[in-house]
Number of protein chains: 2
Amino acid sequence: MSFSPLIRQLIDALRILPGVGQKTAQRMALQLLERDRSGGLRLAQALTAAMEGVGHCQRCRTLSEEALCPQCADPRRDDSLLCVVEGPLDVFAVEQTGYRGRFFVLKGHLSPLDGLGPEAIGIPELMERIEAGSFSEVILATNPTVEGEATAHYIAQLLAPRSIAVTRIAHGVPLGGELELVDGGTLAHALAGRRPIGL
Amino acid sequence: MSFSPLIRQLIDALRILPGVGQKTAQRMALQLLERDRSGGLRLAQALTAAMEGVGHCQRCRTLSEEALCPQCADPRRDDSLLCVVEGPLDVFAVEQTGYRGRFFVLKGHLSPLDGLGPEAIGIPELMERIEAGSFSEVILATNPTVEGEATAHYIAQLLAPRSIAVTRIAHGVPLGGELELVDGGTLAHALAGRRPIGL
Ligand SMILES: [Zn+2]
Ligand SMILES: [Zn+2]
């Protein structure tokens with residue numbers, strides 16, 4: 001089970017990737033060394049370029065090395081809708097639903113116990129963005145967790161005095177799930193949010 | 001679904017890793033950018049060092065940047081046993097069984113249709129290694145595939161004139177498997193290789 005030092009260091013380094021354990025890291029390291037060294041070097045270059053070069057979009061705060069990310073730079077998107085999420089991966093998730101409005105990316109959620117208040121997660125910048133825009137609706141798509149709910153609630157209160165519709169993504173049973181496997185809180189939300197069946 | 005160019009390039013580069021598809025690569029890229037940039041830079045350095053620095057052990061031909069790999073350099077291993085495998089990952093697999101003899105690592109298996117004859121896969125070097133050693137047994141642990149069998153058979157023939165025991169790893173039903181799921185060839189091998197139950 002002994003590898004030479006450079007191989008061992010590569011295996012250790014690969015384990016920082018999410019979902020990669022010892023065994024997967026070994027297979028990755030040896031496969032790159034045996035079959036694709038130029039691919040391994042390209043990956044090293046792409047990592048360095050991204051880790052050193054990527055900052056945040058000036059407008060929506062998502063990850064981007066350019067002043068405006070592709071979503072903000074696109075003139076064809078709907079300027080009346082703003083979707084607020086907790087992180088860049090959520091932008092991607094919402095994009096996949098077909099949403100084509102604008103985004104604002106918080107730095108996570110409010111977490112008073114960790115000392116993360118409104119300033120720490122970028123709520124002043126969110127308010128500036130809303131001020132500068134012409135949104136008719138702000139969709140709060142923070143996570144359906146206690147902290148995500150509290151964050152959505154906090155933002156909704158800040159926006160209450162304005163003539164902007166503030167909405168929250170619906171809670172309910174996930175599509176394709178089995179009712180008996182859904183937790184009680186979710187099922188309660190699904191019941192409370194019941195709607196007439198369109199026939 | 002648009003990422004800025006550096007992020008897109010990183011996602012593409014991550015996909016060269018075995019088992020990493022588009023979605024996993026996205027999660028890896030964004031997670032490194034959001035949570036562990038110094039880890040990402042360390043991974044880049046480890047990749048570069050390994051891709052440029054790792055060669056082959058002079059004695060067993062496994063991957064190593066040192067003249068002798070840890071297995072060959074270890075004076076406490078059994079010098080009477082030599083295990084022949086198709087690649088460095090197989091060394092690792094055999095090590096995990098508790099085997100503590102020596103290894104020789106071929107460059108894959110004989111594959112005449114691809115123009116891979118004995119020289120291409122390192123069989124002359126294997127013969128030199130056996131000549132230089134004092135092995136009483138050579139264990140052929142090439143893969144249980146048509147090509148692996150043919151390679152083992154070829155090596156066994158070369159070694160036949162010598163007073164060295166030449167063995168092949170046993171074929172049979174894998175532990176924990178269900179008989180009805182085992183393919184016919186494997187089951188035939190398992191029947192032919194039946195042994196008295198030790199009571
Ligand atoms: Zn943006
Ligand atoms: Zn070696």
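Computed from heavy atoms alone, side chains included, the values below leave out hydrogens, waters and symmetry copies. Just so it is clear, the structure is predicted and the values come from calculations on it, not from any experiment. Here is how names work: the chains are called A, B, and so on, in the same order as the sequence lines, proteins then strands, and each is numbered from 1.
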Among B:G19, B:G39, B:P88, B:C57, which has the most heavy-atom pairs under 4.5 Å with chain A?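 Looking at each of B:G19, B:G39, B:P88, B:C57 in turn, B:P88 comes out on top.
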
For chain A, the option from B:L41, B:L14, B:T48 that forms the most heavy-atom pairs under 4.5 Å: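 The candidate making the most pairs under 4.5 Å is B:L41.
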
Working for side-chain contact (heavy atoms from CB on, under 4.5 Å), residues B:M28 and A:V20: CA-CA 10 Å; B:M28 286 175 167; A:V20 174; 3.7 Å; yes

Side chain B:Q71, main chain A:S2, donor-acceptor under 3.5 Å: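 Confirmed, B:Q71 side chain pairs with A:S2 backbone.
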
Which distance, rounded to the nearest 0.5 Å, do you find between the [atom1] of [X] and the [atom2] of [Y]?
{"X": "B:I16", "Y": "A:R35", "atom1": "CD1", "atom2": "CZ", "value": "12.5 Å"}
{"X": "B:R27", "Y": "A:F92", "atom1": "CZ", "atom2": "CZ", "value": "11.5 Å"}
{"X": "B:K107", "Y": "A:E34", "atom1": "NZ", "atom2": "CD", "value": "11.0 Å"}
{"X": "B:L17", "Y": "A:T24", "atom1": "CG", "atom2": "OG1", "value": "10.5 Å"}

With side chains defined as the heavy atoms from C-beta onward, is the minimum distance between A:L47 and B:L32 less than 4.5 Å?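 A side-chain contact under 4.5 Å exists here.
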
Decide whether A:L110 and A:I139 are clustered together by the hydrophobic rule: side chain heavy atoms of Ile, Leu, Val, Met, Phe, Trp, Tyr closer than 4.5 Å, transitively.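 As far as the 4.5 Å side-chain criterion goes, A:I139 and A:L110 are not connected within one cluster.
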
Within one Ile-Leu-Val-Met-Phe-Trp-Tyr cluster: B:L81 and B:M127, side-chain cutoff 4.5 Å: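 No, because B:L81 and B:M127 fall into different hydrophobic clusters, even though each may have its own neighbours under 4.5 Å.
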
Given that the side chain runs from C-beta out, which part of B:E65 has a heavy atom under 4.5 Å from chain A: side chain, backbone, both or neither?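 Both the backbone and the side chain of B:E65 come within 4.5 Å of chain A.
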
So which residue, A:S38, A:G53, A:A13, ends up with the most heavy-atom pairs under 4.5 Å with chain B?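 Max contact count across the listed options: A:A13.
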
Only pairs at least two apart or in different chains count here, so list each ring pair (Phe, Tyr, Trp, His ring centres under 6.0 Å) that has a residue in residues 98-144 of chain B.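 Only B:Y99-B:F103 qualify under ring pair (Phe, Tyr, Trp, His ring centres under 6.0 Å).
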
So if I take each residue of residues 4-12 of chain B and look for any heavy atom under 4.5 Å from a heavy atom in chain A, which residues do I end up with?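 So the qualifying residues are B:S4, B:P5, B:L6, B:I7, B:Q9, B:L10.
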
